[in-house]
Colleague: 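Can you read through this structure? Questions will come right after.
Every chain is numbered from 1 and lettered A, B, ... according to where its sequence line falls, protein lines coming before strand lines.
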There are 2 protein chains.
Amino acid sequence: MMDMISEAGVNRGVVTQLRAFLAQAELPEDGRLPPERDLAAALGVTRTELRKALGTLEAEGQIWRHVGKGTFVGNRPTDTLSDIETLAKRTNPAELMRARLIIEPEIARAAALTATPLHLSELRLCQTRTREAATWRQYENWDTRLHRTIAEATQNTPLLGMFDMLNALRRAVTWGRLRANPVKPSPDHHSFAEHEVIITAIENRDMNGAAAAMRTHLQSVERNLLTWQSDAAD
Amino acid sequence: MMDMISEAGVNRGVVTQLRAFLAQAELPEDGRLPPERDLAAALGVTRTELRKALGTLEAEGQIWRHVGKGTFVGNRPTDTLSDIETLAKRTNPAELMRARLIIEPEIARAAALTATPLHLSELRLCQTRTREAATWRQYENWDTRLHRTIAEATQNTPLLGMFDMLNALRRAVTWGRLRANPVKPSPDHHSFAEHEVIITAIENRDMNGAAAAMRTHLQSVERNLLTWQSDAAD
DNA sequence: GTCTCAACCAATTCTGAATTGGTTGAAGCT
DNA sequence: AGCTTCAACCAATTCAGAATTGGTTGAGAC
């Protein structure tokens, strides 16, 4: 019942003593300060007293603590939520598809601007290989590589990183599902023509075209995903 | 000089024996097969022989190996490049800014569609707090939270994850730099008005407006970054 | 020479102890 | 009683060294 910010029995002296220590002490790069037991001894106070003082400083936002880690000055690092497994638990295929629809067209747009001849030939190679694929497994590999090559063509490391993150998520979320159709992709699979439009647009430096084609393509994949309930590759 | 795919002295018998094992054996979920030493004993061949056979299978792409990890069936997982530290080493502030310019406007656009009243009031709170900020440190905190709230407003977990990734990258790349100006943000800091336009657009469900305003804002931040060489917050 | 094999190497994982902030319950003080 | 204190304990995390694993080498067998 007594969890007000500034508790009743807190010794103001210890708090100021602690503030002085923080101002003077040379902290390591990560801002970690000595363990409570050591710090209490160094300041000549009991651990309980020290913890009260630390509590008020934490309430003020001056420091943050975590079991097993330690006590640190500054702001608690925001829970970054960039861990694949954690993300995979909280999302679902539909949401992932929406994210792809938002991100990948913009990646294609950027790629149209910066793709090198090397990227273009790699794209062509992927397109050929997907057509030649004898199994869905092979098809998926080359399809994934095609999309990743587009991301590489942006020549932007953070963008590529985000693309990889989406891909990793895709694998993690789909994980455990079975592929319904063991046969190989039919020669008139919608993706072939759609990939062609995307690649052509990039070759022609048509940024808007590339973005639009990618959007169309992903919408088509989404439709398949909903209709057949299959883990449709793109 | 003798590194052809199918080496001279490879014992075909062992290879087929190994293939039979792979077809029959029940592998764990991750597709890892027993350590070479055990497998060699199980198949009744010497380790050197086994390794030759494994070598041909690896060349065929049937398996992949890594020191300390083990030998696995299937395709070697693509180097995902979604690790923050690795990314930070390979990128730079300019590239990061380009990535933000590509991604964040689209996030704002999506947010305009899906933001709830709760998000809107949170945005307003952040805007107020940035104006009240007494130090750059505080300003940055609320500014970061404002941008993250926009990402949250998309109600899309993968998108939020990617945003967090960008943010983590920003911290990692900027890490070690000093903030030149210890004073607090001036009341006519360009960001205030720009944030206002963004928030208003989201409130009005103006998707194009939100995207455009975010783009304008980030371009303004980019300009500051180039001009002043300061680690300009946005 | 060529092949074999045991020992060795380096990358990775595993495991158990040590560390750290958080909690509790008896003892002590007013 | 009412409150503080303190040592012991708890659970989360980190750390270090051993064990494991694919890769390499050099002496010896043929």
Side-chain angles (χ1 to χ4, degrees), chain A residues 1-4 6-15 18 22 27-59 61-74 76-77 79-80 83 86, chain B residues 1-4 6-15 18 21-22 27-59 61-74 76-77 79-80 83 85-86:
Chain A
M1 282 301 113
M2 207 194 308
D3 37 318
M4 307 183 310
S6 197
E7 289 184 39
V10 62
N11 185 339
R12 297 295 297 168
V14 182
V15 178
L18 189 50
L22 288 183
L27 298 176
E29 187 58 54
D30 57 357
R32 174 177 181 173
L33 47 91
E36 294 182 349
R37 291 163 178 83
D38 299 2
L39 189 52
L43 298 185
V45 298
T46 140
R47 193 182 161 207
T48 317
E49 282 177 313
L50 173 63
R51 276 185 60 74
K52 278 187 193 161
L54 286 174
T56 64
L57 283 204
E58 183 178 34
Q62 301 289 333
I63 63 172
W64 63 275
R65 308 184 267 183
H66 192 296
V67 202
K69 283 186 153 75
T71 307
F72 303 80
V73 300
R76 179 192 311 275
D79 202 4
T80 178
D83 173 47
T86 311
Chain B
M1 282 302 112
M2 206 193 311
D3 37 320
M4 306 184 311
S6 195
E7 288 183 40
V10 64
N11 186 338
R12 296 296 298 168
V14 183
V15 177
L18 190 50
F21 172 83
L22 288 184
L27 297 176
E29 186 59 52
D30 56 357
R32 175 176 181 174
L33 46 91
E36 294 183 349
R37 292 162 178 84
D38 299 1
L39 189 51
L43 298 185
V45 299
T46 139
R47 194 182 160 207
T48 317
E49 283 178 313
L50 174 62
R51 276 185 61 73
K52 279 185 192 163
L54 286 174
T56 65
L57 283 204
E58 183 179 34
Q62 300 289 332
I63 63 172
W64 63 275
R65 310 182 268 183
H66 192 296
V67 202
K69 284 186 153 74
T71 307
F72 303 80
V73 300
R76 180 191 310 276
D79 201 3
T80 178
D83 172 48
E85 292 181 17
T86 311

Colleague: Taking all heavy atoms of B/Asp38 and all of B/Pro34, pick out the closest pair and write down the distance.
Modeller: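 Reported closest heavy-atom pair: CB-CB, 4.5 Å.
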Colleague: Find the distance A/Glu49:CD to C/dG21:P and express it as a whole number of Å.
Modeller: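 Checked: the CD to P distance equals 17 Å.
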Colleague: Could you measure the distance from the CG atom of B/Leu39 to the CZ atom of B/Arg51? Nearest 0.5 Å is fine.
Modeller: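 It is 12.0 Å, given to the nearest 0.5 Å.
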Colleague: At less than 4.0 Å, is any side-chain N or O atom of B/Arg65 found next to OP1 or OP2 of D/dT21? Yes or no.
Modeller: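 It does not, given that no N or O in the side chain of B/Arg65 lies less than 4.0 Å from OP1 or OP2 of D/dT21.
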Colleague: In whole angstrom, give the distance that lies between atom CD of B/Glu36 and atom P of D/dT24.
Modeller: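 Spelled out: CD on B/Glu36 to P on D/dT24 is 11 Å.
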Colleague: C/dT20, OP1 or OP2 - any side-chain N/O from A/Arg37 closer than 4.0 Å?
Modeller: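 For A/Arg37, the contact criterion (side-chain N or O under 4.0 Å from OP1 or OP2 of C/dT20) is not met.
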Colleague: Give me the bend of the helix from C/dG1-D/dC30 to C/dT30-D/dA1, using the axes of the five pairs at each end, rounded to 10°.
Modeller: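 The helix from C/dG1-D/dC30 to C/dT30-D/dA1 shows an end-to-end axis angle of 20°.
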Colleague: Whole angstroms only, please: what is the CZ-C1' distance between B/Arg32 and C/dC14?
Modeller: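 My rounded result for the distance is 11 Å.
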Colleague: Going by number, which of residues 66-74 of chain A have a non-hydrogen atom under 4.0 Å from DNA chain C?
Modeller: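 The answer is A/His66, A/Val67, A/Gly68, A/Gly70, A/Thr71.
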Colleague: Using whole Å, report how far CG of B/Asp38 lies from P of D/dT21.
Modeller: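 Roughly 6 Å, once rounded to whole Å.
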Colleague: If we only count heavy atoms from C-beta on, is the B/Arg65 to B/Leu54 side-chain gap below 4.5 Å?
Modeller: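 A side-chain contact under 4.5 Å exists here.
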Colleague: For the CG atom of B/Leu43 and the CG atom of B/Leu50, what is their distance to the nearest 0.5 Å?
Modeller: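 Taking CG in B/Leu43 and CG in B/Leu50, the distance rounds to 6.5 Å.
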Colleague: Would you please confirm or rule out a distance under 4.0 Å between OP1 or OP2 of C/dT4 and any side-chain N or O of B/Lys52?
Modeller: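 Yes.
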Colleague: Find out whether B/Leu22 and B/Leu57 are in side-chain contact, i.e. whether some heavy atom of one side chain is under 4.5 Å from a heavy atom of the other.
Modeller: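 In contact.
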Colleague: Answer yes when B/Arg76 and B/Glu58 have at least one side-chain N-carboxylate O distance shorter than 4.0 Å, and no when they do not.
Modeller: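 Salt bridge between B/Arg76 and B/Glu58, a charged N being under 4.0 Å from a carboxylate O: yes.
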Colleague: Once rounded to the nearest 0.5 Å, what's the spacing between atom OG1 of B/Thr48 and atom CD of B/Glu36?
Modeller: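 Nearest 0.5 Å value for the OG1-CD distance: 9.5 Å.
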Colleague: Between A/Leu33 (CG) and C/dT19 (P), how many Å, whole number?
Modeller: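 Taking CG of A/Leu33 and P of C/dT19, I get 18 Å after rounding.
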Colleague: Quickly work out the A/Arg47 CZ to C/dG22 P distance and round it to whole Å.
Modeller: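 Roughly 8 Å, once rounded to whole Å.
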Colleague: It should be established whether A/Thr46 places a side-chain nitrogen or oxygen under 4.0 Å from OP1 or OP2 of nucleotide D/dC6.
Modeller: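 For D/dC6, OP1/OP2 do have a side-chain N/O of A/Thr46 under 4.0 Å.
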Colleague: Starting at atom CG of B/Leu39, determine the distance to atom C1' of D/dT20, rounded to an integer number of angstrom.
Modeller: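 Going from B/Leu39 (CG) to D/dT20 (C1'), I get 16 Å.
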Colleague: Whole angstroms only, please: what is the CD-C1' distance between B/Glu58 and D/dG22?
Modeller: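 Atom CD in B/Glu58 sits about 10 Å away from atom C1' in D/dG22.
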Colleague: For A/Val73 and A/Trp64, which heavy atoms make the closest approach, and how far apart are they?
Modeller: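 Scanning both residues completely, I find the closest heavy atoms to be O-NE1, 4.2 Å.
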Colleague: What heavy-atom pair brings B/Ala53 and B/Leu18 nearest, and what distance separates the two atoms?
Modeller: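 Reported closest heavy-atom pair: CB-CD2, 3.9 Å.
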